Structures are given as C-alpha cells and as structure tokens.
Amino acid sequence: MNKKNLNILQVENLEMHFVQKNKRIKAINDVSFYVHKGETFGFVGESGCGKSATCKTILRLLPENGEVVRGSILYNGINLLEQSEKQMRKIRGKEIGMIFQEPMTALNPVLKIKEQMYEQFLGSDMTEQQKHDKAIEMLRLVGIPSPETRLNEYIHQYSGGMRQRAMIAVTLAAEPKLLLADEPTTALDVTIQDQIIRLIEALKEKLGMSMILITHDLGVVSEMCDRVAVMYAGSIVEMADTQTLFAYPRHPYTEGLMQSLPKDNGERGKLNPIQGMPPDLSRLEEGCSFFPRCKYASKVCGTTVPQLREIAQEHWVGCHHAEHMEHAIGLICLEDAQHREGRT
Amino acid sequence: MEWATDKQDILLRVEGLYKVFPQHRNLLQVLTKQPEKLLKAVDHVSLEVVRGEILGLVGESGCGKSTFAKSMIRLLEPNGGTISFDGVDLTALSREAHRKVCKNFQVIFQDPYSSLNPRMTIGKAIEEVLLYHHVCDKLEVAQRCKEIMRQVGLDEEMGSRYPRQLSGGQRQRAGIARAVALHPKLIIADEPVSALDVSIQAQILNLLLKLKRELNCTMIFISHDLRVVRYISDRVAVMYLGKIVELAPADELYQNTAHPYSQILMQANPSLDPRLRKKNSLVEGELTSPIDLPTGCRFRPRCSKAVDICSREEPELRRLGPGHFAACHYISPNGSEIPNVVKKGTDVT
C-alpha cells in the first residue's frame, strides 16, 4: 500500500481468534488497513463485526483467550505484536490513547479525576505544580466548568456528557499521537453528541493527532471521518474516502446499510433492510461471509472468499461483483464529473 | 384548544397531565424540616392523539417522554390531570376496572431482554397474555399464538426458545408479538429500535408499519432518533423538561422548525452528507436539572434568543399554522405567523 512513510499505523493481514473450549471464533479475518498521519479513519459496522476487537488488538488489550494468528501491526514502523508487555505499557496512553463508549466503566470509580489524570504523567519529570496546572488545563480544554473543584471529584459526581468529557481529558492529558475512539458518542443525546464531536475535532487539530473512530452510525462517520472502512463478520468489505463511499458504495453490504436508513429529506418509501442475520463467527462457511444475505450473490460467492481489491484509486472493495455494482445507490449524489472520471 | 389539524376522531385526550417524583431527603434535611424537592417529570401536559395516526415523541434523555407515555395509560399513576381514552375517563377507573380496559393499550419496550421473563419460552410468554385477558378459548391459544408469531415474522420453532437464545431483533419481535396479541387500539412504542443495529432496525420499522396497517391501530412512537421519528410519524411532539415545546405534522416540523430547542435538536443531528459537515457546535449547555427549574421559560438558560420576558413568563403552546404549535415567546409575540428569522430552508437536517 502506498505512502508508507505517511502512515502512522499500518495493519497487514491481521487475523485474530477467540479460543473457547470447543470452538474458535474468528473475530478478525485478514484485515489490512492504514491510517495516514493527521487523518480520522472510521470503522463502521454492526455489533459483533470485529471493529472493537481490531482496536483492542492494536493496543494488545485482548482478553486471555484472544489469539493473534497472524499479521502485523506497524505503528511508526514498530511492530506492536512483537513488543514486550513492558514496552507496550510505554506505548499505551503516551503514544496510542483510547476512549471508550462508557466512561463509568472505563474510569476508576474510587479514584478522583485528579488521581487518574496524574497517572497519565507517570514517568515524566513534572513537578506537582506542573501536573496540577496541566490537569486543570485539560479539564478546561474539554469544557468542564470550574475545573479546580471538579478535579477533586469522582466520576459518579459528573453528568453523562461531563463524564465523556472527563474521560477525553484524562486520555488526552498524555497527548497521544494516535487516538482510538470506540463509540465515543453512542450513549449520548444528539445535542451532547454534537458537542463531543466538535470537541474531539478541535482537540485533534490542536494536538495534531491521528484518530481511529469506531461507530455504527453513518451520520457520525459523515461528520468526522476522512476515510472509512466498512466491516462485516470480521473482515473489511469496503474502504474508501468518506465522500466516495457515501456516493458510490460498491459492496452489497454497504449498499444495504445505507438503504436501511430513513432518508434526510423525509422520504417515506419502504425501507430495504438487509435480510437475515450476521453469521456465527465460529461457524463461518466457505466463500464470502455475506453470501447468505446477498441479493447479488452468484455461484462463485459461495465457494471463494473475495479479496479486498482496489477498484478505483484508494477505493477498496471485497466483492466478486464490485465492478458490476454501478447501480448501487449511495446516500449522496456527486454531480462532480471529474470525480467520476478520476475513478475510471 | 384544538390540538389536531381538523376536527378529527380523537382516540386519547390528555389534559393537564402531571407527574412528579419526590426526591429523597437525608436525615438532616428531614430534621431541619426542609421541604421535599419534587422532580417534575411531566408538567401539566395536554395532548390529543388522533385515531389511526402515529404520533412521534422526541426529546433528550430525562425530558420525561417515557414517563409521559406511561402516565397516559396509568402504567405510572399520574399525580393530576385527566385522561380520556375512547370516551372512557381512565383516571376515574378503579384498579380492577382499569385492568379490564388495559388490553386496549399495550407497550413495546426498548429492551425486550428485560421485559420478557427469562424463564418463560417465547411461546408461553405470548400465550400468557392471551390467557390473562381471556381473548380466546384455551384450546385455541396455541393456534392463535402461532398466528401471531407468523404475523411478526418469527419462525414457529422460536416458540420453544427462551429469550436468551434469540438475537436482539428476534427478541424485539417477540416483545412486539406480546403487544399486538390483544389487538390493542393504542400501542406505545418506547424506543423500540434504539438498541438494534441499523439493518435490524429497518426490519422492525417495516414490521411496525405493516402491523399498524393490518391492525388499524394508533401508535405513540418514542425515540431520540430524529430521522427514525420523521420517517415513521404523522405528527411529532418535541418534549423538553416535562413540557411539550413544539407539536406539528412531521414534515412541517422538520422543514419549518419553530422552537429554538427543536432547531438545536435538528442541527445537532448528524447529517448523512459529508459535504454538510459542521465546523462548530451550536448547542450550548446541558439539560437543566428538572428539580430546580428556572423561572419563566425552562429552555431559557440554553437559548441564544432569550429576552427579558423569557425569564418572567412561561410560554404557552400557541398556534403557528395548521396543526403547528410551539411554546416560545420569541416566535409569535402576537400569536400570528412564524417570522422569517426562524424559518429555515427546506433542508433542515
């Protein structure tokens, strides 16, 4: 894949299984992607498609039964899968930070926000005063009023939106170069979600971070992501820049996702949901994992797993019929002729 | 006041509905005789539901939309107000009499996992409803149960499974089956698709619309997803801190949003077009605590348009156009039409 030196993260052929007593759950199947410096890369897909598992694998935060079968995760050229636990501890937080969906479970309920913030400065030679100032600055940055008193409070004393802000402040206090955000706004109301989205965007710019955003909401993708990968049953099925993906979906699953959403313009036609349900990852059958639900499936789909192919510049699709998916309807319409020419 | 667009067949009329939750006082507060604080979840709300419509109810969490819907059918006992359902005054009924009429209104809950008995198979759970309300003969129950399951798109074999053995979408179908088993006149759907993935969500929305047509029932659809509410609803009511602040036909509300709070909701809703990406958030502040409400308009602390009168007087719902009502001083100081300043383009999302 191109522009190697511009990529902060490069994941190649990653495969991860959860091993249970009598079965293997293939959570990640041959996933390859890269994140450019400074961009927001989105993972979108339904629950259980492996988007969170991918992020946890990057940080090596998998539970004990999570087994990386093959692949490499290059962060600035270092393969994270080959690092010792001690070296990983230096990378987590400092280099790669992570924010979670539920701040109540991600932050420690018996430690004050202050103490959790100070943990981020472990190993640095900051004085007590500097730490204090930095912590106050972070809380102010994320828009928490009267940070001096809030610093000495516990997470349960914060309201929902404030909790999410506090977690962002704690994570960003270490000034990570890459931020993994796992459904950061899913549990929030739209108005608070809007505030948090703008906050993350502003901080990303200010600190010059790159970001991987996990979400199931195409609206959030459209608001935040530069490029996006659609995941299904542990594999990336389509990857492109956000506008291209929204205008020219080329994988039947991507099209299905978009057709399942009520439109912005209030159109009341019948929705066209994808039929059936996602497959059981411990019993993946031969061929394309979307085959049983796909309305365009042909014989080859049931026998051969489609590889992710570049059908236009930086537009990758894992479908045997990608070239014949011109009829797929996206969410937006680009009249820009140049854009279309550039693709052929 | 006439709430609906025309003189229509009103199924449910709620007037001045009031529901408070007393807040816990600690011992010191009791001893010093501090007054009990009240959380006004539903603050004198009036609403009419027209027979055959789908009424959407939107608002942020904690604005009282679920409490309002549940008080409407006395699933929660309201503290005041009157409810008239199909000509019957619900508030005047005894518990026993209420139980007899309550098969006319059923609820679909957000999380069917916690509303279905984990130790009862899906089939048994549906049969239980039928038996309890004596809607059919004992011998017919099994047959009827199968019909209902087919109607909501569940395989017959699912009847012998337990809720934990079903996927989220199937569980929601089971919850819906229980609600429609009695052919209710009114279904209250409380965030029925919020916990589901997009593709499953679309399946359930299609199912709800199909059932509504087949059973010819009325529905109150509660959700915080503005796009879903617009898609499914005929009329939409926006709630803020226990009050309805705007009520209008769905497309009218989304195209000519009048109340500043509704406008904020619309603007905050992420657009599906990456080219319309916003730079700054227009939303200020968080939901005010419903325990210590501000004087005057309850939206005032977050409102960018607030003026003097907003802190003194609480605005009442006023008519802005056919079926369009909003509670804001700013919009119609003389109760006339919507001024241009708040009128937005056709594309509001």
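Since we're looking at a predicted model, the values are computed, not measured. Letters A, B, ... mirror the listed sequences (proteins, then strands); counts begin at 1.
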Study note, to complete from the structure: Okay, B:D273 and chain A: the region with an atom under 4.5 Å from a heavy atom over there is both
**Study point:** Portion of B:L272 that has a non-hydrogen atom of chain A nearer than 4.5 angstrom
**Key:** both
Review point. Would B:D251 and A:R268 count as a salt bridge (charged side-chain N to carboxylate O under 4.0 Å, His left out) if you check the C-alpha gap in whole Å, the side-chain angles of each, and the deciding distance to 0.1 Å?
Key: CA-CA 11 Å; B:D251 286 335; A:R268 290 229 169 65; 3.4 Å; yes
Review point. Should A:Q101 and A:D182 be marked as a side-chain contact (heavy atoms from CB on, under 4.5 Å) after you check the CA-CA gap, both sets of side-chain angles, and the distance that decides it?
Key: CA-CA 6 Å; A:Q101 179 178 350; A:D182 188 354; 5.6 Å; no
Check your understanding: Tell me, side chain or backbone of A:Q193 under 4.5 Å from chain B's heavy atoms, or both, or neither?
Key -> side chain
Practice item. With a 4.5 angstrom heavy-atom cut-off, could you sort out which part of A:L331 is near chain B: side chain, backbone, both or neither? Key: side chain
Practice item. Check whether any side-chain heavy atom of B:L208 sits under 4.5 Å from a side-chain heavy atom of B:I108, and report yes or no. Key: yes
Point to revise | From B:C63 atom SG to B:K243 atom NZ, the distance as rounded to the nearest 0.5 Å | key: 13.5 Å
Review point. Under a 4.5 Å heavy-atom cutoff, which of A:C225, A:P145, A:G276, A:G330 has the most pairs with chain B?
Key: A:C225
Check your understanding: For the candidates A:V190, A:I274, A:T191, which exhibits the highest count of non-hydrogen atom pairs separated by less than 4.5 Å from chain B?
Key -> A:T191
Check your understanding: Could A:R250 and A:E238 be called an ion pair, given the rule that one side-chain N must be under 4.0 Å from one carboxylate O?
Key -> no
Review point. Going by an N to O cut-off under 4.0 Å, is there a salt bridge joining A:R198 and A:E205?
Key: no
Exercise for review: Please say whether more than 12 non-hydrogen atoms of neighbouring residues, nucleotides or ligands are located less than 6.0 Å from NZ in B:K37.
Suggested key: no
Practice item. Evaluate whether atom CD of A:E285 has more than 12 neighbouring non-hydrogen atoms of other residues, nucleotides or ligands under 6.0 angstrom away. Key: no
**Study point:** Sorted by number, residues from residues 252-261 of chain A in contact with chain B (heavy atoms, under 4.5 Å)
**Key:** A:L257, A:S260, A:L261
Exercise for review: Could you tell me whether the side chain of B:D190 and the main chain of B:S66 form a donor-acceptor pair under 3.5 Å?
Suggested key: no
